Amino acid sequence: MELLLLGGGGGAAAPKPSHLAYPFVLKAASALSMVELGRQVHAQICKLGFHGDLFVGNSLIDMYCKCSLMEDARKLFDGMPDRDQVSWNSIISGYASCGRTSCSLQLFDEMPASGNAPPKRRHDGLPLAACSSSCNWPAGRWVSSFIDVNAVPVNVMVTTALVDMHCRCGALTEARRRFDEAPQKNLATWNAMMTGYVRGGRPESAVNLFSHMTATSLAPNEITLVNLLSAFASMGALERGKEAHVDLARSGADVNVFLSTALVDMYAKCGEITLACLVFVKAARKDLGLWNAMVTGLAAHGLAAEALTVFSQMSSAGAAPNEVTFVGILSACSHAGLVDAGRENFRKMRKVYGLKPDLEHYACMVDLLGRAGHVEEALAMVEDMEMEPDFVIWGSLLNACRIHHEIELAEKISKAVVFSSSKVANLGCSVLLSNIFASAGMWAEVARVRRLMKETGERKVSGCSWMEAEGAMHRFLVKDTAHDGSSELYVTLDTSLVDGRGGMEERFNGA
DNA sequence: GTAGGGTTAG
């Protein structure tokens, strides 16, 4: 029917469409994911003899790529009489966006330096996007050094893609070097670097980078502010978060659903669940992410009944839950000891919503059942799991054994699982495990865990906190304060803060 | 007339 508009199926009076119309039509078809329409348009293009037109050909490639039909896209690309930069970029980014990094890179490498395509000048970081999305560090490094070795001139987009790729692959220092050395930066570049710091667990660097950004003439956008709020959330920086909220409200800017979510999350993580609820209620639009932020926020505050209420409101509003929602719901039930509600929601998760429970869901259930004394049921659930249980799950089970004095079962589990040679490498929560053994009086097991920890060099990850001083955020690692010198330690801490030297402080001047 | 970088929830 749609083709009638293009005169494809009309009577004799229907005008023949111009080739200029096709790029628009194909763009619309791919935006609406109307694959069949796209194919019909393709057939019509061939019939009318427009398939040799470079713009039409490029649009067809793009359409097939966006519909994830890479085989069709490639066939077309290979059969093209002429290709230009757009043809190459379209197919390379097509492979990139569906995660086929090696195809993307191979084509990038085959891209002719001369001939019927323009020279390798403006390939615009498309393969970098591929490396980013797949966190493919070796490939990313290869493209990165290709750019250096061949002295490829980088525009802002390539710079941003480079920064983003390095961040996603965990190479924050290299990302920052690229960022600092960039000839041109725009808002997206700053946002990419900030996102990298937030996701890489360096919120203080993100905040400091933001300060630098505001010192330039560049104005932040929603993405910048979402990152900023997310940084405050992970630092528990309530006052800074509130200030950002006030600034946002004063600016009169539109608070989109991403910002609402970031605000709800920030308030919840900073302990202000009431303010989180307020933002949630006032949000103009609620999407899955926002519902989830509210449910998980309530769950983390131990407000199980409220979390379940929001969950039912969510269903009434016609929003379908996902796995994240159920992590919130089940952990809420687990914290509150709501055994029946937990069982029922775990059942609904699979039967009603067709969602596959993951390790985290099982962990909630095992903890809930185990604590409530249903140790056998918890064990049966673990044995029924499709995936390998991790140590959080075994730990919950052992903890349940400890509470309910199922020492024999605990010994059985620890012999069969914890100390079986294949699992030793996976020891992830040895401290928890040794505490459980200790409180059950299983001293031989305690000694074994301690020995294993020594052998593998495993140590608990240090906690840390943040302080604002001299206009920058500083991170402090938690150290043992139980010994005699702890008061001195804190004096050292204060002076090191003032003169900016040594000690326990990790300083990130200028992010 | 076609391609192309940066945001939320566990």
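To find a chain, count down the sequence lines: A is the first, B the second, and so on, and within it residues start at 1. On a predicted model such as this, the values are computed, not experimentally measured, just so you know.
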>> Distance check needed: B:dG6 P versus A:Arg178 CZ, whole Å only.
In response: 17 Å
> How would you label the contact of A:Phe24 with the nucleic acid (heavy atoms, under 4.0 Å): base, sugar-phosphate, or nothing?
Replying inline: sugar-phosphate
> Distance check: side-chain N/O of A:Arg199 vs OP1/OP2 of B:dG6, anything under 4.0 Å?
Replying inline: no
> Under the 3.5 angstrom rule, does the side chain of A:Asn221 hit a backbone N or O of A:Ile223 as a donor-acceptor pair?
Replying inline: yes
> Closest to the A:Met157 side chain: B:dT7, B:dG5, B:dA9?
Replying inline: B:dG5
>> Whether the side chain of A:Asn208 engages the backbone of A:Met473 through a donor-acceptor N/O pair (distance < 3.5 Å, no angle test) should be reported.
In response: yes
>> In this structure, how many angstroms lie between the P atom of B:dT8 and the CE atom of A:Met294, rounded?
In response: 19 Å
> So, A:Phe258 and B:dT8: ring centres less than 5.5 Å apart, planes less than 30° off, yes or no?
Replying inline: no
>> Just the rounded figure in Å: distance from C1' of B:dT8 to CZ of A:Arg285.
In response: 12 Å
> Is the backbone of A:Leu330 close enough, under 3.5 Å, to the side chain of A:Ser334 for a donor and an acceptor to pair up by distance?
Replying inline: no
>> Would you say A:Lys27 places a side-chain N or O within less than 4.0 Å of OP1 or OP2 belonging to B:dA3?
In response: yes
> Can you check the A:Met194 CE to B:dG5 P distance for me, whole Å?
Replying inline: 21 Å
>> Can you measure A:Leu330 atom CG to B:dA9 atom P for me and round it to whole angstrom units?
In response: 20 Å
>> With hydrogens left out and only the distance checked, is there a donor-acceptor pair under 3.5 Å joining A:Asp358's side chain and the base of B:dG10?
In response: no
> Could A:Lys185 and A:Phe179 be counted as a cation-pi pair, given that NZ or CZ must be under 6.0 Å from the ring centre and within 45° of the axis?
Replying inline: yes
>> Considering every strand and a 4.0 Å limit on heavy-atom distances, what is the contact class for A:Val163: base, sugar-phosphate, or nothing?
In response: nothing
> Under 4.0 Å between a side-chain N or O of A:Lys66 and OP1 or OP2 of B:dT2?
Replying inline: no
> Within this structure, what is the CH2-to-C1' distance between A:Trp291 and B:dT8, rounded to whole angstrom?
Replying inline: 16 Å
> How is A:Lys185 classified with respect to the nucleic acid when contacts are heavy atoms under 4.0 Å: base, sugar-phosphate, or nothing?
Replying inline: nothing
> B:dT2 C1' sits how many Å from A:Asn89 CG, rounded?
Replying inline: 11 Å
> Choosing from B:dA9, B:dG5, B:dT7, which nucleotide comes nearest the side chain of A:Asp265?
Replying inline: B:dA9
>> Considering every strand and a 4.0 Å limit on heavy-atom distances, what is the contact class for A:Leu225: base, sugar-phosphate, or nothing?
In response: nothing
> Which one, B:dG6, B:dA9, B:dG5, comes nearest to the side chain of A:Ala192?
Replying inline: B:dG6
>> Is it the case that the base of B:dT8 and the side chain of A:Thr261 share a donor-acceptor contact (distance under 3.5 Å, atom types as modelled)?
In response: yes
> Any donor and acceptor pair, going by atom type alone, linking the side chain of A:His335 with main-chain N or O of A:Ala300 inside 3.5 Å?
Replying inline: no
> To the nearest angstrom, how far is A:Glu222 atom CD from B:dT7 atom C1'?
Replying inline: 9 Å
> Below 3.5 Å, does any donor atom in the side chain of A:Asn292 face an acceptor in the base of B:dG10, or the other way round?
Replying inline: no
> Which is true for A:Val295 with a 4.0 Å heavy-atom rule: it touches a base, it touches only sugar-phosphate, or it touches nothing?
Replying inline: nothing
> Are the side chain of A:Ser87 and the backbone N or O of A:Asn58 linked by a donor-acceptor pair below 3.5 Å?
Replying inline: no
> With respect to the side chain of A:Val324, which nucleotide from B:dG6, B:dT2, B:dA9 is positioned closest?
Replying inline: B:dA9
>> Heavy atoms from C-beta onward define the side chain here; which of B:dT2, B:dG10, B:dG5 lies closest to that of A:Thr189?
In response: B:dG5
>> Quick check for you: among B:dG4, B:dA9, B:dG6, whose closest atom lies nearest to any side-chain atom of A:Asn221?
In response: B:dG6
